[in-house]
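Encoded as structure tokens, the structure appears first; notes follow it.
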Number of protein chains: 2
Amino acid sequence: MDDVKRATGLPATVVFRLGTLGSLAGERFAEKIEAYDLKLKHAGMMTALSLGPAISQQDLAAKMGVAPSLVVSLADHLEALGAIQRVRDPQDRRRQVLTLTEHGRELLGKCAAAARALDEEFTAALTPDQISALQQALGILTAQAGLP
Amino acid sequence: MDDVKRATGLPATVVFRLGTLGSLAGERFAEKIEAYDLKLKHAGMMTALSLGPAISQQDLAAKMGVAPSLVVSLADHLEALGAIQRVRDPQDRRRQVLTLTEHGRELLGKCAAAARALDEEFTAALTPDQISALQQALGILTAQAGLP
DNA sequence: CCATTATCATTCAGAGTCTGAACGATTCAG
DNA sequence: CTGAATCGTTCAGACTCTGAATGATAATGG
């Protein structure tokens, strides 16, 4: 119980390091996909669309943890790029059903390539064993948090 | 070379997972330290101050990767809380030298405690071995990136 | 010693991102 | 058929952060 003596150790925390490294990774990734006229949330949205069937903007907002009004502007941009398709649901004409287009899939593929390239930079100082251990741990955390 | 066939795999990327998990960790941590009237950057600033000797706002801005004008407002708030001390450097009276006060150290300790509590939630699904492997890998990435 | 130039902290306007409250259109419930 | 609920959209505004002034101080070079 010598908490008094022990250093605060905030930086030694997994949460703190996930935060700082995640912020850095996000910045770097954002720089890379800027070339495709995409922001981080655009990539997140395309990823969400790629993982499930066609989905309404409302549901997508919930899945992304974001306000529906934000989905509108993100979808506007992706639609202008030709990356997604907006179709009125015939069963419920209030709903706009979003689908990734072929061009959207290509774009997402380029994003993934950029991320893989960044991965190599990030993990350059790790041994193969450490990399797979990291991937495994992050995978479990991701699944547990219900993230894509 | 069957890249064509392979799924894009953005979500399987270390960078992507660091980004999403880091964002989540940041949100959760921000909620916890809200009780102390602190934002994420306040904790980052106090951490930076706790790791080195007294430092000017200019240098701190560089270390934090942030505009000097932002350091002003962050320091204003921390000073109002009594967490830091602003002293004019007698050798160079343009400089404001920042120091963590005793109360600041206590506050930072509470932040660290909050982070440790969050750590337990986050890593609940991991075995002890996986946790230490994760800590080791994150430690290496952190050091390589020159982060605290 | 003085004048110029550079550096520091600060202020302020504004860009960028995101939310929440409207609103019209559509659907659902009774 | 009427009222309530839901969808997408718009819009004002909160929040965070940056970059360009500004004034004070220091360094530099005649």
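First the proteins, then the strands, lettered A, B, ... as listed; each starts at 1.
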B/Phe122 and A/Val14: CA distance, side-chain angles, deciding distance, side-chain contact (heavy atoms from CB on, under 4.5 Å) verdict: CA-CA 9 Å; B/Phe122 263 76; A/Val14 169; 5.5 Å; no
Sugar-phosphate only, base, or nothing, as touched by B/Val66 at under 4.0 Å among non-hydrogen atoms: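 It contacts sugar-phosphate atoms only.
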Touch class at under 4.0 angstrom, heavy-atom based, for B/Ser56 against every strand present: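 If one applies the 4.0 Å heavy-atom cut-off, B/Ser56 turns out to touch the sugar-phosphate alone, with no base involved.
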For [N], take OP1 and OP2 only and decide whether either is under 4.0 Å from a side-chain N or O of [X].
X: A/Gln58; N: D/dT6; result: no
X: B/Gln96; N: C/dT10; result: yes
X: A/Gln57; N: D/dT9; result: yes
X: A/Arg86; N: D/dT9; result: yes

N/O donor-acceptor pair, side chain B/Ser69 with base D/dG19, under 3.5 angstrom: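 Result: at least one qualifying N/O pair found.
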Please report the distance, rounded to the nearest Å, between [atom1] in [X] and [atom2] in [N].
X: A/Arg94; N: D/dA4; atom1: CZ; atom2: C1'; answer: 11 Å
X: A/Glu27; N: C/dT17; atom1: CD; atom2: P; answer: 14 Å
X: A/Asp76; N: D/dT10; atom1: CG; atom2: P; answer: 7 Å
X: A/Ile55; N: D/dG8; atom1: CD1; atom2: C1'; answer: 15 Å
X: A/Lys39; N: C/dG16; atom1: NZ; atom2: P; answer: 7 Å
X: B/Gln91; N: D/dA26; atom1: CD; atom2: P; answer: 10 Å
X: A/Met64; N: C/dT17; atom1: CE; atom2: C1'; answer: 13 Å
X: B/Glu79; N: C/dA9; atom1: CD; atom2: P; answer: 13 Å

Which nucleotide in the list [options] gets nearest to the side chain of [X]?
X: B/Arg88; options: D/dA20, C/dA9, C/dC18; value: C/dA9
X: B/Val72; options: C/dT26, D/dT9, C/dT11; value: C/dT11
X: B/Lys41; options: D/dC17, D/dG8, C/dT11; value: D/dC17

Residues B/Glu31 and B/Arg28 bridged, charged N to O under 4.0 Å: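 No salt bridge links B/Glu31 with B/Arg28.
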Donor-acceptor side-chain pairing of A/Gln57 and A/Arg86 below 3.5 angstrom: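 There is such a pair (donor and acceptor under 3.5 Å, judged by atom type) between the side chains of A/Gln57 and A/Arg86.
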Pair B/Ile33-B/His42, side-chain contact (heavy atoms from CB on, under 4.5 Å): steps then yes or no: CA-CA 10 Å; B/Ile33 65 176; B/His42 295 131; over 6 Å; no
Nearest-nucleotide comparison on DNA chain C, the residue closer to the 5′ end among B/Asp59 and A/Asp92: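 Looking at the nearest nucleotide for each, B/Asp59 comes out on the 5' side.
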Over all atoms of both residues, closest heavy-atom pair of A/Thr13 and B/Ala115: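 For A/Thr13 and B/Ala115, the tightest heavy-atom pair comes out as CG2-CB, 3.6 Å.
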